[in-house]
Each structure stands twice: as C-alpha cells, then as structure tokens.
K.L.:
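Here it is, the structure in full.
Every chain is numbered from 1, with letters handed out A, B, ... down the list of sequences.
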There are 2 protein chains.
Amino acid sequence: MIQFTKDTASEKYNTRLQTIFNAASEIFAEKGYHQASIRNIAKATGVSLGHLYYYFSNKEELLYKISLNCFESVKFSCVEKLESATDSEERLLIFIENHVSYFVNHLNEMKILAHESDSLTGDFNEEILEIKRNYISILEAIVMEINPKITDPTIITFSIFGMMNWIYTWYNPKISSGISQIVETIFQMAISGIKNFELKKN
Amino acid sequence: MIQFTKDTASEKYNTRLQTIFNAASEIFAEKGYHQASIRNIAKATGVSLGHLYYYFSNKEELLYKISLNCFESVKFSCVEKLESATDSEERLLIFIENHVSYFVNHLNEMKILAHESDSLTGDFNEEILEIKRNYISILEAIVMEINPKITDPTIITFSIFGMMNWIYTWYNPKISSGISQIVETIFQMAISGIKNFELKKN
DNA sequence: ATTATTTTAGAACAAACGTACGATTTTTTA
DNA sequence: TAAAAAATCGTACGTTTGTTCTAAAATAAT
C-alpha cells in the first residue's frame, strides 16, 4: 500500500514534469527562449508560478534539460542505427534519415536545439556544446569515410547540417507530405558534394 | 555658406544614423534582438538613451530598417548580376555566389535576417515577408529552369537556402579561408540535387 | 488522531526594460 | 545679437521579468 501510494505520487510527479517539459518546449519554440516567460508556462500547464520552481531551479536549467534530453535522444538513436551498417554511403543515409526523421517528429525540441544554441551560458552551454561537437564528429567521420581525400570536412559537414536544420523554418507538418523525399534529396546532394569535393584541384 | 552648414549637419545626422545601424546590427547579431537593449546601443554608440529616439521611433522599427536595408541590398545585387546571364546553371552559380558573398561580408545583418525573422510583428513583419517571398521565388525559378520536370521546388530551394544561411553558425571570418570553396561546394550539391530530383520515379 | 512532511499557491521584490518627458545646450535664423 | 529651432541629455514611469518567501492545503507517518 505504501508502495502503491508512493508510486502514484512519484508517477504524478513524473507525469507533471513531462507536461512541463512539453509545454516549455512548445512555448520556447514558438516565442523563443527569452521571449517566453515562466508565467506563460504556468498558464499552459495549470501549475502555479511559484510551484514550477519545485520542478526546476531556474529558467536556464529548464532550457538545458530540454536541450540535453533532445540531443542525447537523437544521438542515441543515431548511434544505435549506425551499429548495424558498414557501408559508408549507407551510413550517411542512416545519419540523414535519423536526423531528419527525429527533427520532423520533435519539431519543438529540435527547433530549440537549432535556434537557441546561444541562449545557454556557463557550464550549461559547455556541456551541450560538448555533446554537439561529438554529434557533429559522427557525420564528419562518415564524410571522410566516403571520400578519404577530404582533409577538412568542415564545409561539407555544415552544409549537410544546414540543409537538415533549416527544416524548421519551412516545414509544415500539417501540409507537407512525408519525409522520404526530403531525406532522398538531402542524401543525393550530400553524396554528390562529398564525392566531388575539391575535384577541380586534381 | 548656409548650404555648407546644412550639408554638414545633414551629413552628421546620416553618419550618426549609420553608426547607430552598425552598432545595433552588431549587438542584435551578438545577443539576439530581444536580449539586446537600447541601453546597449546607447553605450556602444556614445549617443544618450533618450536621444536615440531621435533617430528611430521604437526598437522594432530599428530591426525593421536593418532587415529591410539588408534584404533589399542583397536582392538588388542579385538581380543586377543575373541580368547579364542567360544560362540556367550559370544563373544558379551567380545566385549562390552573390548570397554567400553578401553573407560573409555582412555577417551581422545576414545573421539577423536568418535568425530574427520571427521577431518582427504586424506590418513590419508583413513587409519583410513579402520581400523574402520574392527573393525566394528567384531561386525557385532558377531551379525549375534547370530541371523543368520539377513541379514543386520547395524542398530543393529551401535545402539550398539552408546550406547558405547556416553559414553564420560555423563560419569564422578570422580563421576560415575565402568563400570560393564554399560557393563551389554548395553549387555542386545544388546542381546535383536539382538534376536528380525525383529521378527514381521515372 | 495528531504530528511531521510534502505539495501547492499567491503575493512580494528587485532588476531591467522600452519609452516619454522636460530641461538644457547647441545651432540656425532674422 | 536676440529669437527660434534643433539637437541632446538625464530622469522618471509603468510594465514585465525571474525568482523568493510565506503560508496554507494535502498527504504521510507514528
């Protein structure tokens, strides 16, 4: 019985926490982090202003936790899917497919990742930056696998990320069709860019 | 003599106005529009807080004028260069070269355009949106010129813009070399994406 | 049942913000 | 040189913000 009540209490806490994360993600994505107020989140969740601080200790920590959770999820899913693939080009396709797919299925969080990366400061910023660097280096490695002549994959890598991360500025989930055509297009462009990179110099 | 003093007065006004625009652009780009304060601009320019409102009537108008000037400049320069080119692929190269070149040479303003497009409201927003739509349609037309089979150029067009507009997140003018390699890479990827778009369906 | 603990709410605070205002200085005009 | 116009500054106001504090309500423990 104690177990039961404890569990439900904890479950209620976790449910509410998730509600807060979701509402905050939506509001951060819609209004931008600095334009979003804790009062907005209070109204959206039905939790009182003061009580929100029972779930997080300040606004920036909220952004940090949303960013952290999102980054680790997309990265985990990426690494997991890559494990079963050895062919370089297939690995590129998997990376792009995973990123775009996650992007479209978590538009709020990924918009935050793409658009509010400068809003974190200090240690919060440092930690997210570390994960980001690591995630980027996965794609860099794939690029250099496909074309070992490339010594500096910076331009190619960020161009691919540019195509993918720009999605939040134009993709409308209510109108646009599925993601397969987006993935195919970006993959085609990426492959071509990688294979032909610096070809003129030879 | 009157003419002279009048000219210098007007000249001083215009010079100062430009100083304010430049400082505001730098601060908006660095801290983001909403995090930037009029007091920041006052300190950066040496103009007092109150007197700044002699040059603009509110903060949003300042963002609007910066955005408008930047958009019209890059668009004007684009149209001008395109006039002399008839070959579709050459036109694509010109568009990309102009955009990237302007981007790198006006990093602050272009970052504002790319990053603060949601910060304008009402008529300000509407007017910038109109120019943006027009500018986008130039690239869309080029894409469909190159591959007339493309009925909906949305994905391709925004992918190209994604590559170009993402530059502000990684390009470091103090470290990175010239833009020619960036332009070549993006052009290569764009051409490939356009020519091979939806090829699988045939 | 009563005490202790956790959960929740609302008010209060200090800081920062955009903007308006009034006064003062500088420049132009007559 | 006197009057009019402009440029310029510092202050003040009202609002919004993130956060804290206090107290009440609900729940758990003994």
K.L.:
Starting at CZ of R16(B) and ending at C1' of dT27(C), how long is that distance when rounded to a whole Å?
P.N.:
14 Å
K.L.:
Please work out which residues in residues 31-45 of chain B have a non-hydrogen atom less than 4.0 Å from an atom of DNA chain C and list them by number.
P.N.:
A36(B), S37(B), I38(B), R39(B)
K.L.:
Send over the distance from I27(B) CD1 to dG18(C) C1', rounded to a whole Å.
P.N.:
15 Å
K.L.:
The side chain of Y53(A) is closest to which nucleotide in this list: dG18(D), dT8(C), dA9(C)?
P.N.:
dG18(D)
K.L.:
Do E30(A) and Q35(A) meet the criterion of a side-chain donor-acceptor pair at a distance under 3.5 Å?
P.N.:
no
K.L.:
Rounded off to whole Å, could you give me the NE2-to-P distance for the H51(B) and dT11(D) pair?
P.N.:
17 Å
K.L.:
Name the residue from V143(B), I142(B), I146(B) that meets the side chain to side chain contact (heavy atoms under 4.5 Å, CB included) definition with S88(B).
P.N.:
I146(B)
K.L.:
Salt-bridge test for E145(A) and R91(A): reply yes if a basic N is under 4.0 Å from a carboxylate O, no otherwise.
P.N.:
yes
K.L.:
Would you call E72(B)-K75(B) a salt bridge at under 4.0 Å N-O?
P.N.:
no
K.L.:
Which distance, rounded to the nearest 0.5 Å, do you find between the CD1 of I112(B) and the NE2 of H106(B)?
P.N.:
12.0 Å
K.L.:
Side chain of S48(B), heavy atoms from C-beta onward: which of dT19(C), dA9(C), dT8(D) has the nearest atom to it?
P.N.:
dT8(D)
K.L.:
Which whole-number value in Å describes the distance from Y54(B) OH to dG18(C) P?
P.N.:
22 Å
K.L.:
Rounded to the nearest Å, what distance is computed from the OH atom of residue Y13(B) to the P atom of nucleotide dT27(C)?
P.N.:
18 Å
K.L.:
Contact class for F56(B) (heavy atom, under 4.0 Å): base, sugar-phosphate, or nothing?
P.N.:
nothing
K.L.:
So, is K12(A) near the phosphate of dT27(D), with a side-chain N or O under 4.0 Å from OP1 or OP2?
P.N.:
no
K.L.:
Just the rounded figure in Å: distance from P of dG22(C) to CG of L49(B).
P.N.:
17 Å
K.L.:
Is it true that the side chains of N22(B) and T19(B) contain a donor and an acceptor less than 3.5 Å apart?
P.N.:
no
K.L.:
K59(B) NZ to dA16(C) P: how many Å, rounded?
P.N.:
15 Å
K.L.:
Mind checking whether F28(B) and Y33(B) have parallel, tilted or perpendicular rings, split at 30° and 60°?
P.N.:
perpendicular
K.L.:
Just the rounded figure in Å: distance from P of dA7(D) to CG of L17(B).
P.N.:
13 Å
